[in-house]
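Numbers restart at 1 for each chain; the letters A, B, ... are given by sequence-line order, proteins then strands. Hydrogens, waters and symmetry mates play no part in the numbers below; they use all other heavy atoms, side chains included.
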Protein chains: 2
Amino acid sequence: MLVNRQGKLTAVDQKYPIPLTSSNIRAACAQCSLRELCLAVGLDNEDLHKLDDFVIRRKIKRGQQIFRAGDPFEALYAIRIGFFKTDILTEEGLEQVTGFHMAGEIIGMDGISNDYHVCNATALEDSEICIMPYDQLEELSRHIKSLQQQFHKFMSREIVRDQSLMILLGSMRAEERIAAFLLNLSQRMRVRGYSASEFHLRMTREEIGSYLGLKLETVSRAFSKFHDEGLIGVQQKYIRILNAEGLKALLNHAPS
Amino acid sequence: MLVNRQGKLTAVDQKYPIPLTSSNIRAACAQCSLRELCLAVGLDNEDLHKLDDFVIRRKIKRGQQIFRAGDPFEALYAIRIGFFKTDILTEEGLEQVTGFHMAGEIIGMDGISNDYHVCNATALEDSEICIMPYDQLEELSRHIKSLQQQFHKFMSREIVRDQSLMILLGSMRAEERIAAFLLNLSQRMRVRGYSASEFHLRMTREEIGSYLGLKLETVSRAFSKFHDEGLIGVQQKYIRILNAEGLKALLNHAPS
DNA sequence: CCTGCCTATTGACCAACATCAACGTAATTG
DNA sequence: CAATTACGTTGATGTTGGTCAATAGGCAGG
């Protein structure tokens, strides 16, 4: 087995790069439950089938990577099922997590600007993705106006998302960051029809810290503090939001 | 006069929103010296003229805003001459600068995702922009493949740029951030044919600090320290890079 | 030229978070 | 089952950068 239960690589990752010849299934956007979250929003059935013509569905195991920094850019990836992180190895060899990604989100757009990827994308649980070869997506979006518009909105949304994180990193204190992080996760779970008040974290404290510009100890301490204050329940990676209003209140009166 | 020399608003800004009926000139992309930096990269003359048909050139005074958070999204703006900042007012009423923008760069892409802008764009010196109404740009990019590709690259570049800033904010210490900031500015000046070793900062220490997640005093102290170490020359907003290698060296051995 | 405002610099002090370290726990492996 | 490994929690201590405050310089406007 390539990964242990924590998703850590325990051997050379022989499944990378993802083999394009095995376990590939033609996508079926028209039947997909994520149609309204994904790029396909607003497309009619005929157009959906044009997407199906070149979109490939793939299973990805926990710990497996879809692409790595430096890889040539070939496709965008829509998450159908599962949970991913994207991260960058800094010059000093430190990992910095740049995002956590859930069903309906699209990753890989960083690669468009220079024809290679600048980050790694790793599954944090067993997942399923739709591979959208970029040349064909670009071609099709020249012919389907609503696809073009939807695609642009996805890119713009990524810009806006990154800017929110910049604000978080630039102006919030540790506990505010963590409250914001939990509320954001909760919100995204709700949109996808999962419980917004209890969920399993798929990432470690260290990955959360890396994402939020904090050390893992600081993350752990904040979780414990929120727990003691009755704001959340914490048992390892299992989180319950007990007082969402209380968490939101932490965001508003920032002394800094 | 609406703004004093520092660009601070000294009266209600009556020039906002920018009047579309005065001082508008048809753009002339084919003659533009920024053709190779801007969206027009790779377009032939015929296509350039199609762009000219709807792109409007405008002068913008220091302190004037192109758009504000909450404004309906209508156009993208290419900077022809000058220098801009984009910023967001946080819930607590604090300004957070999200970017500094120079000639050849495009601002406003944050507005695509929700049909309104999420940030403000303010000229930090007298400037000139090309207004590109978005509907028409989208339409034209369906017909000109290289325009479409170029546009996508610009959006992706913005994503990559934001992610670099996330890494800076999430993992660098104060002096590293400021060294990185100066080197980045220097590099962008070089690309535009200006001196990379001496330039005027168009923004205040407070704006730099806001951008880098630091307080203005910290920015000032770092400038003084670099000055004492002979890395840079500082006289108010006039900066000389005396030892670029020394600045780069600060980035590499990060103890954190 | 003086006045006032904005900006920048510098020092003294302090708090938030990082660092270092020890220990506990869950899950996997042999 | 024991051993191992990753992950998480908590405490003690230290450093970075924030906070508060005083001072000075540049520029606008009367």
Side-chain angles (χ1 to χ4, degrees), chain A residues 1-11 62-63 92 94-95 124-125 168-179 200-210 212-228 232-239 250 254-256, chain B residues 1-11 62-63 94-95 124-125 168-179 200-228 232-239 250 254-256:
Chain A
M1 201 183 178
L2 287 172
V3 291
N4 65 15
R5 259 205 79 180
Q6 278 81 37
K8 201 82 184 179
L9 295 178
T10 54
R62 169 160 33 183
E92 303 90 48
L94 298 167
E95 178 201 32
L124 295 181
E125 64 180 345
L168 179 145
L169 291 169
S171 71
M172 291 187 184
R173 330 244 249 81
E175 288 175 16
E176 299 177 87
R177 294 184 200 192
I178 292 171
H200 273 276
L201 297 177
R202 300 301 176 178
M203 71 297 277
T204 66
R205 304 287 190 262
E206 186 168 20
E207 286 165 334
I208 296 171
S210 168
L212 299 176
L214 301 169
K215 292 296 163 184
L216 66 96
E217 293 95 331
T218 306
V219 176
S220 181
R221 275 185 247 270
F223 277 5
S224 299
K225 179 146 179 279
F226 291 171
H227 182 95
D228 293 347
I232 63 175
V234 184
Q235 283 169 278
Q236 303 285 121
K237 292 191 155 76
Y238 174 63
I239 301 282
L250 288 176
S256 166
Chain B
M1 200 182 179
L2 287 172
V3 292
N4 66 15
R5 260 205 77 179
Q6 279 80 37
K8 202 81 184 177
L9 294 178
T10 56
R62 164 151 47 175
L94 297 167
E95 179 201 32
L124 295 182
E125 64 179 345
L168 179 145
L169 291 168
S171 71
M172 289 188 185
R173 330 244 250 78
E175 287 174 16
E176 298 177 88
R177 295 184 198 192
I178 293 173
H200 273 276
L201 298 176
R202 300 301 176 178
M203 71 297 278
T204 67
R205 304 286 192 263
E206 186 168 21
E207 287 165 333
I208 296 171
S210 169
Y211 180 61
L212 299 177
L214 301 169
K215 293 296 165 185
L216 67 95
E217 294 94 330
T218 306
V219 176
S220 182
R221 273 185 250 271
F223 278 6
S224 299
K225 180 147 178 278
F226 291 171
H227 182 96
D228 293 347
I232 63 176
V234 184
Q235 284 168 277
Q236 302 284 120
K237 292 190 156 76
Y238 175 64
I239 301 284
L250 287 177
S256 166

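The minimum heavy-atom distance between A/L212 and A/I178, with the atom names listed, is CD1-CG1, 3.8 Å.
Proximity of B/K215 to the phosphate of D/dC20: no side-chain N or O atom is located under 4.0 Å from OP1 or OP2. Between D/dC7 and A/T204, no contact under 4.0 Å exists linking OP1 or OP2 to a side-chain N or O. In this model, the phosphate group of C/dT9 is not approached by any side-chain N or O of B/R221 to a distance below 4.0 Å at OP1 or OP2. The phosphate of C/dA26 has neither OP1 nor OP2 within less than 4.0 Å of any side-chain N or O from A/K237.
Going from atom CE of A/M203 over to atom C1' of D/dA6 covers 17 Å, rounded to whole Å. To the nearest angstrom, P of D/dG25 lies 21 Å from OH of B/Y238. Computed from coordinates, the B/F223 CZ to C/dT10 P distance equals 13 Å when rounded to whole Å. Atom-to-atom, CD1 of B/I232 to C1' of C/dA8 comes out at 14 Å; the value is rounded to the nearest Å. To the nearest angstrom, C1' of C/dT9 lies 14 Å from CD1 of B/I178. The distance between atom CG of A/L216 and atom C1' of C/dC20, rounded to the nearest whole Å, is 12 Å. Remark: C1' of C/dC17 and CG of B/L169 are 16 Å apart, rounded to the nearest angstrom. Per the geometry, NZ belonging to B/K225 stands 16 Å off C1' belonging to C/dT9, to the nearest Å.
Distance check, rounded to the nearest 0.5 Å: CG of B/L169 to OH of B/Y211 gives 8.5 Å. Once rounded to the nearest 0.5 Å, the distance linking CG of A/L250 with CZ of A/R173 reads 10.5 Å. Here the straight-line distance linking atom NZ of B/K237 with atom OG1 of B/T204 works out to 6.0 Å at 0.5 Å rounding.
Comparing D/dT10, D/dC7, D/dT16 against the side chain of B/R173 picks out D/dT16 as the nearest. Among the nucleotides C/dA18, C/dT9, D/dG18, the one closest to any side-chain atom of B/T218 is D/dG18. The side chain of A/S224 approaches D/dT9 more closely than any other nucleotide in the set C/dT9, D/dT9, D/dC20.
Checked by distance alone, A/E217 brings a side-chain donor or acceptor within 3.5 Å of a matching partner on the base of C/dC20.
Counting heavy atoms of neighbouring residues, nucleotides and ligands inside a 6.0 Å radius, atom CD of A/E125 exceeds 12 of them.
Within 4.0 Å of A/G209, counting heavy atoms only, lies no atom of the nucleic acid at all. Residue A/L214 is classed as a sugar-phosphate contact, given heavy-atom separations below 4.0 Å to backbone atoms only.
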